[in-house]
Amino acid sequence: MAQSLDRLKESPSQTAGPYVHIGLTPNFCGIAGVYASDLGATMVNDRTKGERIKLNIRVLDGTGTPLKDALVEIWQADAAGLYNSPAEMRGAADPNFLGWGRCPTDMETGLCVFETIKPGRVPFRDGRLMAPHITLWIVARGINLGLHTRLYFSDEEKANGEDPILARIEHRVRVPTLVAERQGDDYVFDVHLQGEKETVFFDS
């Protein structure tokens, strides 16, 4: 006999971990032979145009503790502000720049590091230029749906002030949660999942 619809119960929710690393970064997990190197591990080569930068990203829980089993993907424009995508209609992107990267957080420190370039400015829907930025997608144990946010640069104050996305954030006090701080040749960015410093997340 069929179960009446008013008695159906919600199925248990599924999270991204712990199998996300096995499926997406097998070499990181010690599973050899699937890929020569994990997809997205290398974004640049010695012919890539633009300013080389290193992004040091941590994903922090509500207590400020780094998550040691998160995975971060980034995508961005090249130095000229063009995307490595078939949908890019403004010109040809740098063929020596992947434009996409994937990195798990270190199981000891909770840090993931991307070697990439500083992106150029790209136009918003209405033609206004957005500030240089990198889009992040984050998954981890306990996260049902991947989180989507952006990373801007602390040394691009003028461009950040003109950015139409940053201008639309209702609580301006939260804008700094999207800004990576420059430290020497590196940028440091903490993604806070909860708490007073919670990062601004966007609908995917």
query: Would a 4.5 Å heavy-atom cut-off, applied to side chains only, mark T48 and D78 as touching?
result: no
field: Chi angles and distances behind the side-chain contact (heavy atoms from CB on, under 4.5 Å) call for L193, V59
entry: CA-CA 7 Å; L193 300 182; V59 181; 3.9 Å; yes
message: Suppose we screen for side chain to side chain donor-acceptor pair (under 3.5 Å). Which residues come up paired with N84, at least two apart in sequence or across chains?
response: none
message: When you group the ILVMFWY residues by side-chain heavy-atom contacts below 4.5 Å and let the links chain together, are V188 and V72 in the same group?
response: no
- request: I would like to know whether R58 and D190 meet salt bridge (charged side-chain N to carboxylate O under 4.0 Å, His left out); could you show each step before the answer?
  value: CA-CA 5 Å; R58 293 187 308 166; D190 287 342; 2.8 Å; yes
statement: Scanning both residues in full, the closest heavy-atom pair of Y83 with R90 reads CD1-NH2, 4.1 Å
field: Donor + acceptor pair across side chains of T135, Q76 (<3.5 Å)
entry: no
Interatomic spacing from CZ in R150 to CZ in F201 - rounded to 0.5 Å: 14.5 Å
query: How far apart are the closest heavy atoms of N160 and A131, and which atoms are they?
result: OD1-CB, 3.3 Å
task: Taking the side chain as every heavy atom from C-beta outward, state whether T116 and L55 have any pair of such atoms under 4.5 Å apart.
output: yes
task: Before giving the answer on side-chain contact (heavy atoms from CB on, under 4.5 Å), spell out for L166 and L178 the whole-Å C-alpha distance, their side-chain angles and the decisive distance to 0.1 Å.
output: CA-CA 9 Å; L166 292 178; L178 299 176; 3.8 Å; yes
- prompt: Counting only heavy atoms not in D185, do more than 12 sit closer than 6.0 Å to its CG atom?
  reply: no
- prompt: So do N96 and K49 actually touch side chain to side chain, heavy atoms under 4.5 Å?
  reply: no
message: Walk me through whether L82 and E88 qualify under side-chain contact (heavy atoms from CB on, under 4.5 Å).
response: CA-CA 7 Å; L82 299 169; E88 178 58 82; 3.9 Å; yes
- prompt: Where the side chain of S154 meets the backbone of A180, is there a donor-acceptor pair that is under 3.5 Å apart?
  reply: yes
query: Once you round to the nearest 0.5 Å, how far does CZ of F28 lie from SG of C112?
result: 10.0 Å
message: With a 4.5 Å cut-off on side-chain heavy atoms, are E162 and E156 touching?
response: no
- line: Nearest heavy-atom approach of G110 to P66 is CA-CB, 4.0 Å
field: Spatial distance of atom CD1 (I117) from atom CD (E51) [nearest 0.5 Å]
entry: 9.5 Å
- prompt: Is it the case that more than 12 heavy atoms not belonging to E108 sit under 6.0 Å from its CD atom?
  reply: no
- prompt: Near E157 CD, under 6.0 Å, is it more than 12 heavy atoms from other residues, nucleotides or ligands?
  reply: no
task: List the steps, then state whether salt bridge (charged side-chain N to carboxylate O under 4.0 Å, His left out) holds for R52 with D46.
output: CA-CA 10 Å; R52 299 296 177 99; D46 57 1; over 6 Å; no
Euclidean distance, M43 CE relative to L98 CG, rounded to 0.5 Å: 6.0 Å
message: Do T149 and W137 have side chains that approach each other closer than 4.5 Å (heavy atoms only, starting at C-beta)?
response: no
- request: Specify whether F153 and Y187 have parallel, tilted or perpendicular ring planes, treating 30° as the upper limit for parallel and 60° as the lower limit for perpendicular.
  value: perpendicular
I134 versus I74, closest heavy-atom pair with distance: CG2-CB, 3.6 Å
- line: Heavy-atom nearest pair, L39 first then R102, reads O-CB, 3.6 Å
task: Look at the side-chain heavy atoms of Ile, Leu, Val, Met, Phe, Trp and Tyr, link any pair under 4.5 Å apart, and say whether Y152 and F124 land in one connected group.
output: yes
query: To the nearest 0.5 Å, what is the distance between CG (L24) and CG (L71)?
result: 6.0 Å
task: Measure from the side-chain N and O atoms of T199 to the backbone N and O of V191, and report whether any donor-acceptor pair falls under 3.5 Å.
output: no
query: When you look at L136 and E73, which way does the side-chain contact (heavy atoms from CB on, under 4.5 Å) test go after all the steps?
result: CA-CA 6 Å; L136 285 76; E73 291 187 357; over 6 Å; no
- prompt: Side-chain contact, heavy-atom cut-off 4.5 Å: F202 with I165?
  reply: yes
- line: Value for CG (D186) from CD (E115), rounded to nearest 0.5 Å, stands at 9.0 Å
- prompt: Would I138 end up clustered with L60 when hydrophobic side chains under 4.5 Å apart are linked, directly or stepwise?
  reply: no
- prompt: Can you name the nearest heavy-atom pair linking Y35 to N27, along with the distance?
  reply: O-ND2, 3.0 Å
task: Could you check if a side-chain atom of N56 sits within less than 4.5 angstrom of a side-chain atom of L111, using non-hydrogen atoms only?
output: yes
Check: D61 side chain, G64 main-chain N or O, donor-acceptor pair, under 3.5 Å: yes
field: Counterpart residues, ring-ring contact (aromatic ring centres under 6.0 Å, His included), relative to F189 (two or more places apart)
entry: none
- prompt: Hey, does H133 have a side-chain heavy atom less than 4.5 Å from the side chain of L151?
  reply: no
